[in-house]
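Here the structure is laid out as structure tokens; the discussion comes afterwards.
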Amino acid sequence: MSDDSLIAVKPEIAARALVNAEQYAAMSRAAVEDPEAFWRGQLGRLAWMREPTRMKNTSFEGDVSIRWFEDGMLNLTVSCLDRHLARDGDRTAIIWEGDDPNSQAHVTYRQLHERVCRLGNVLRDLGVKKGDRVCIYLPMIVEAAVAMLACARIGAVHSIVFGGFSPDSLATRVEDCGATVLITADEGRRGGRRVPLKKNADVALESCPGVRHVIVARATGGTVAMQEGRDLWWDEACDKASAECQPEPMGAEDPLFILYTSGSTGKPKGVLHTTAGYLMWASYTHELVFDYRPGEIYWCTADVGWVTGHTYIVYGPLANGATTLMFEGIPNYPDTSRFWQVIDKHKVNIFYTAPTAIRSLMREGEGPVKKTSRASLRVLGSVGEPINPEAWLWYYRVVGDERCPIVDTWWQTETGGILISPLPGAVAQKPGSATLPLPGVQPALVDGEGNLLEGATEGNLVILDSWPGQMRTVFGDHERFVQTYFSTFPGKYFTGDGARRDADGYYWITGRVDDVLNVSGHRMGTAEIESALVAHPKVAEAAVVGMPHDIKGQGIYAYVTLIAEEEPTEALRKELVAWVRKEIGPIASPDAIQWAPGLPKTRSGKIMRRILRKIAANEIDSLGDTSTLADPAVVEELVANRV
Ligand code: WTA
């Protein structure tokens with residue numbers, strides 16, 4: 001890629017940025033040359049009960065051990081809440097904007113602190129102790145942040161399950177982490193519709209005998225069944241609880257949360273993050289990447305059910321004393337101007353969203369954007385999937401009026417926070433490129449054999465050394481952690497992504513190189529969807545691949561082989577789509593189902609996904625070598641009946 005696409009840092013932005021180009025270069029050097037000194041210099045970001053003396057103790061070799069700030073003691077909620085009270089207690093911590101444009105709330109740091117303390121006491125009274133797991137299945141209401149922080153207050157480990165997941169998906173996650181308490185709500189609201197969360201939870205809990213208590217927040221006031229002895233109303237319990245709750249002293253490496261994420265094989269993995277390193281990374285990246293200044297209004301449109309919501313709605317902003325906006329709704333309700341209206345209504349300075357949202361709003365033209373002012377905006381962010389240059393430029397020109405730098409932030413559930421992104425005052429942007437690593441991050445590209453590639457090239461994206469926000473293990477399965485991330489290229493963290501590096505050293509993420517799909521920024525394993533499909537009594541076999549999709553980035557394309565006596569019908573196709581929605585959740589709905597009398601397999605029985613991906617993408621001229629297939633005729637049949 002030539003330099004024609006470079007959008008230089010504007011001098012006025014560089015002049016007042018927290019980090020300019022020289023500082024960025026100096027920090028990048030310092031963080032790699034002497035990580036001990038660099039991170040010691042960042043300790044003031046957190047409120048410690050005991051400051052650590054050792055910063056980094058990590059190894060990507062052998063059993064893989066990652067420890068940061070290991071002899072430090074702290075409680076994360078003191079950093080996020082208590083220490084702001086003296087000076088900024090009356091500052092708004094959370095602006096809540098409801099699905100209904102007429103509903104909103106402002107919660108100050110003092111109020112948030114009190115609510116967290118009350119719920120912390122409720123949890124303690126229910127017998128929840130340090131290290132116990134609590135599952136959270138909530139819509140985008142303030143209670144979601146309160147629940148996370150209340151767990152952290154008493155040292156419990158939270159595991160949030162996205163409110164769009166089905167009862168089955170919830171049950172698997174509750175069981176895997178061994179939660180004893182579930183926090184949910186009567187219902188959620190989205191785009192004018194209601195999501196029956198408590199009802200789903202009740203179904204899920206039929207197969208989760210370990211859950212002893214369910215705390216139910218009133219979000220809509222809808223009627224729900226309450227099980228005597230197990231279920232309690234959030235408001236009633238909190239009203240009775242004390243507003244003082246001593247923060248549990250935690251070791252730096254004590255677990256903070258588990259978040260399940262999809263991989264190329266098997267069940268979703270419980271990604272485990274610990275206390276100090278994670279919060280350090282959340283605070284550091286939130287401040288640097290968004291060039292955050294106290295008093296600014298910051299809005300990340302993600303859901304707290306995903307890692308982006310954890311790090312950039314709750315933990316990063318609150319650690320930095322920011323005002324964070326939490327949005328219950330969706331971009332096109334009541335109409336497609338909603339995002340921009342919310343920006344004007346709350347005078348949002350920093351806006352962070354996903355390419356899929358940008359692409360879907362771009363389709364509506366400039367009208368819905370241009371009828372709003374957006375004058376408060378200063379920095380725009382993108383996350384979750386590669387952003388195509390066309391969408392980038394629309395975001396830049398139409399939404400940001402060419403005033404606001406765009407930070408295209410590459411990271412993963414596993415990385416805890418952003419690793420590759422421009423800093424607004426330091427790094428020139430190129431539409432479609434996540435640009436350069438943050439200080440302290442050492443990305444590299446390797447070929448299939450793990451050889452390091454130099455200069456402008458393309459390869460597998462790895463990270464050479466640890467950073468504080470890195471996941472520590474897969475909950476309950478350290479071996480799987482080592483296997484998944486450190487065995488493909490021994491001694492290096494493998495991201496699962498492919499990337500190109502241009503002559504300026506800029507990274508261009510090309511997408512997953514494994515069997516993980518990225519549908520509207522939601523990460524999904526093809527294996528999960530396949531096993532949902534074959535669980536249907538009429539399905540004999542299924543193979544799922546991604547296909548290009550204008551709005552979602554990737555769509556889900558499923559090849560389905562029915563059992564012998566079944567006929568493929570339109571009704572059955574619909575039934576299968578509904579089945580997958582029920583099994584996993586609406587985000588996993590197949591976009592296309594093709595009936596496949598046979599699947600292309602090697603003689604050893606391995607499905608050749610490469611060919612299935614090509615057919616789904618309608619790239620049938622480049623199917624490649626099919627001679628190693630057990631039955632090459634299968635391919636012709638599939639090509640002829642492509643949907
Ligand atoms: C993809 C979301 C290109 C990538 C924070 C990664 C991106 C996966 C970007 C992680 C980006 C995320 N450019 N691709 N800016 N951000 N990805 O765990 O494939 O839900 O591996 O974390 O999303 O998804 P996850």
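Just so you know, ligand 1 is whichever comes first in the structure, and atom 1 is the first atom listed for that ligand.
Heavy-atom neighbours of D550 CG from other residues, nucleotides or ligands within 6.0 Å: at or below the threshold of 12.
No option in R133, K269, K267 other than K267 meets the salt bridge (charged side-chain N to carboxylate O under 4.0 Å, His left out) test with D176.
A salt bridge links D591 with K552; the closest basic N to acidic carboxylate O contact falls under 4.0 Å. Salt bridge status for R359 with E390: absent, with no side-chain N to carboxylate O gap under 4.0 Å. Using a cut-off of 4.0 Å between Lys/Arg side-chain N and Asp/Glu carboxylate O, D465 and K492 are scored as not salt-bridged.
Judged as a side chain to side chain donor-acceptor pair (under 3.5 Å), and not counting sequence neighbours, Y506 has no contacts.
Ligand 1 lies under 4.0 Å from heavy atoms of V307, T308, V383, G384, E385, P386, D408, T409, W410, W411, Q412, T413, D497, I509, R512, N518, R523.
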